[in-house]
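This report concerns only the one structure given below.
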Protein chains: 2
Amino acid sequence: MSLESVPPKYAQLVQALQRRIEAGTYPPGSMLPSEHQLIQEFGVSRPTVVAALRVLREQGWIESQQGKGRFVRGRPAMATVESNRTGQAYLTNPETDSPGELVEAGAVALPNRVAALLDAQPKSKAFLRRRLITREGEPSELVSLWLPLELSEGTDLTSGEALRQGIRQHLQSRKGVRFDHIVEQITARMPTVQEVRQLGMPKNVPLLAIFGAARDASGRPLAVVEVLLPADRHELEDAYPVR
Amino acid sequence: MSLESVPPKYAQLVQALQRRIEAGTYPPGSMLPSEHQLIQEFGVSRPTVVAALRVLREQGWIESQQGKGRFVRGRPAMATVESNRTGQAYLTNPETDSPGELVEAGAVALPNRVAALLDAQPKSKAFLRRRLITREGEPSELVSLWLPLELSEGTDLTSGEALRQGIRQHLQSRKGVRFDHIVEQITARMPTVQEVRQLGMPKNVPLLAIFGAARDASGRPLAVVEVLLPADRHELEDAYPVR
DNA sequence: TCTCAAACTTGGTAAAACAACCTGTCGGGT
DNA sequence: ACCCGACAGGTTGTTTTACCAAGTTTGAGA
């Protein structure tokens, strides 16, 4: 059984054209080959070509003029920066993407701030899963996930192994809850002695602390992730259009 | 010649479905009629229905699950909510909105980091305008704006008075440049002694530093704003939908 | 030189088929 | 009686073929 999922043809075409634009084969301002030419070259049908070109237009790589042709704009400036929604990244990407070790997993009393984000009583219990991420062999980030106890039951989150599925997908398939939006808070503070030890960082360097609270469509909190980044080794970057 | 251009069918279908969602005919969480049902009701072909539903999904009105159906999310709320984009706020809002005093205005040598964001040589000169914002009578934030010298000429930025116009509007009307997008970087560091004095903050509390680089559509840097926030009095908050 | 039709371009609609995925039902087995 | 697997029938996702409409450019002919 070959389970290597091949990307759809239109997506392959998108990538091929992006590569040519970046390589300078289609320089900015020049006209892209016509639909008919692309059909000939790639051996696909017109709707497939049109679907690929629509994606490129919506992403800002090209623009089109009816009756004239499609013109290269170049790599969209916004796309060079992968919008670094930190909370989303840690709630969505599989843990196997980032090497690290599990340092804690079990029911604990909630810190005040996390309790407020979960709409729970301070000091009440919830499930905590904490991982120390390593990059290039060095401790890099401390990631903590808090879940209401009823959401942690029947999941693989208690396991010591890295999840091969994103937390979002795991909770959706096992518990049927759907993340709708994330509220993110960013603060800075000095590290505790324990954090200095775990992260192997100087004790006079501040920590960037990102709290991401995932909620469902009705606004009910589902999970909170805290990401601790030593400020001498990390910073956050985001890009957005002005309105 | 009656050339009242009628919108394409798929666009009409988009509007019809949006109206029904807003009217509550399709409440959030409910399942949308299947493609087949929509084909029957509106008397159009499947590609037309699919095109309309694709637009709705990309705009965040609905989400789709292969094998199950399409589900209503409601009017995309996050798109209308002005999220607290710090850099955008300081580059767009009039200075008169926030009381404060001008602490510096003139040509200075660029710090390395700002020079990199402006694509300029380190140590080269640029115009700096720095204001200390006060809230409830207390020093609160230190906001610095760097501009290439050619962009500062002929503007009111050298004036000691608070601008009644946002920096973005001012530069657009005086110099004809348009902000297209902003790249934002967030770091944390310990304050300098001068910053401790100016902000009236404890010297063992870290600073949240936000750098916002405004660029035009081609990616050329136009201006950089740095916002320094004592971490014991400020934090950043943002909200966004999960993709 | 001017006019206009032909030949290109992209945009939109229709009809059909297959693939991938989800969910329930109906069995047979334990 | 209970559990579990196979299967049927639903859904969306992708691809193909076909045709017409609308905008632009070009060149042939008057």
Side-chain angles (χ1 to χ4, degrees), chain A residues 1-17 26 29-73 165-166 168-178, chain B residues 1-17 26 29-73 243:
Chain A
M1 298 279 236
S2 75
L3 286 181
E4 318 124 30
S5 61
V6 294
K9 285 187 184 178
Y10 76 93
Q12 298 180 33
L13 188 48
V14 166
Q15 289 201 324
L17 295 175
Y26 303 146
S30 69
M31 200 168 83
L32 225 55
S34 74
E35 295 178 359
H36 183 65
Q37 289 173 298
L38 292 174
I39 291 169
Q40 298 284 324
E41 177 180 352
F42 289 91
V44 296
S45 72
R46 182 164 176 260
T48 302
V49 169
V50 170
L53 294 172
R54 176 176 49 74
V55 171
L56 288 174
R57 186 183 52 185
E58 286 169 353
Q59 292 184 354
W61 290 74
I62 63 175
E63 54 190 293
S64 60
Q65 292 181 45
Q66 193 175 17
K68 293 188 70 174
R70 294 186 162 93
F71 300 87
V72 179
R73 290 185 52 174
Q165 204 179 17
R168 171 184 157 211
Q169 282 80 11
H170 194 72
L171 285 178
Q172 182 177 336
S173 61
R174 293 293 179 92
K175 312 291 289 187
V177 296
R178 284 190 71 83
Chain B
M1 301 260 253
S2 78
L3 281 185
E4 318 129 32
S5 63
V6 293
K9 285 187 185 177
Y10 77 93
Q12 298 179 33
L13 188 49
V14 166
Q15 290 201 324
L17 295 176
Y26 302 146
S30 69
M31 201 169 81
L32 224 56
S34 72
E35 296 178 0
H36 182 66
Q37 288 173 299
L38 293 174
I39 291 169
Q40 298 284 324
E41 177 180 353
F42 289 91
V44 295
S45 73
R46 183 159 180 251
T48 303
V49 169
V50 170
L53 293 172
R54 177 177 48 74
V55 171
L56 288 175
R57 186 183 52 185
E58 285 169 355
Q59 292 185 353
W61 290 75
I62 64 175
E63 56 191 285
S64 58
Q65 292 182 48
Q66 191 174 17
K68 292 188 68 175
R70 295 186 161 91
F71 298 88
V72 180
R73 291 186 53 167
R243 286 190 279 279

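Residue numbering restarts at 1 for every chain, and letters A, B, ... go by the order of the sequence lines. In this text the structure is predicted, and so the values were computed from the model without any measurement.
- Between B:Gln66 atom CD and C:dT23 atom C1' there is a gap of 14 Å when expressed in whole angstrom units.
- One interatomic measurement links the two molecules: CD1 of A:Ile39 to P of C:dT9, which rounds to 10 Å at whole-angstrom precision.
- Using a 4.0 Å heavy-atom criterion, one finds that A:Pro8 contacts the sugar-phosphate atoms exclusively.
- A straight line from NE2 of A:His36 to P of D:dA18 spans 14 Å, rounded to a whole angstrom.
- Counting non-hydrogen atoms under 4.0 angstrom, A:Arg54 reaches nothing in the nucleic acid.
- Annotation: the span from A:Phe42 atom CZ to A:Gln12 atom CD amounts to 10.0 Å, rounded to 0.5 Å.
- Contact of the B:Tyr26 side chain with the B:Leu17 side chain is registered, since non-hydrogen atoms from C-beta on lie closer than 4.5 Å.
- With rounding to whole Å, B:Gln12 atom CD is found 13 Å from C:dT13 atom C1'.
- Of the two residues contacting DNA chain D, namely B:Glu35 and A:Gly43, the nearest-nucleotide position lying further toward the 5' end is that of B:Glu35.
- The side chain of A:Lys9 sits closest to D:dT15 out of C:dG11, C:dT13, D:dT15.
- Rounded to whole angstrom, the span from the CD atom of A:Gln37 across to the C1' atom of C:dT9 amounts to 11 Å.
- Between the CZ atom of A:Arg54 and the CZ atom of A:Arg70 there is a distance of 10.5 Å, given to the nearest 0.5 Å.
- At distances below 3.5 Å, at least one donor-acceptor pair connects side-chain atoms of A:Gln37 with backbone N or O atoms of A:Ser34.
- Note: CG (A:Leu32) to P (C:dT9) measures 12 Å, nearest angstrom.
- Checking the phosphate oxygens (OP1, OP2) of C:dG12, no side-chain nitrogen or oxygen of B:Thr48 falls inside 4.0 Å.
- Contacts of B:Val50 with the nucleic acid, taken as non-hydrogen atoms under 4.0 Å apart, are absent.
- Along DNA chain C, the nucleotide closest to A:Gln65 and the one closest to A:Pro47 are compared, and the more 5′ of them pairs with A:Gln65.
- Mapped onto DNA chain D by nearest heavy atom, A:Val44 and B:Ser64 fall at different nucleotides, with B:Ser64 at the one closer to the 5' end.
- From B:Thr48, atom OG1 reaches atom CG of B:Leu13 across 8.0 Å, with rounding to the nearest 0.5 Å.
- Phosphate contact (OP1/OP2 of D:dT15, side-chain N/O of A:Ser45, threshold under 4.0 Å): absent.
- In this model, the phosphate group of D:dG10 is not approached by any side-chain N or O of B:Lys68 to a distance below 4.0 Å at OP1 or OP2.
- Between C:dG12 and B:Tyr10, a contact under 4.0 Å exists linking OP1 or OP2 to a side-chain N or O.
- At the heavy-atom level, A:Arg46 lies under 4.0 Å from base atoms of the strands shown.
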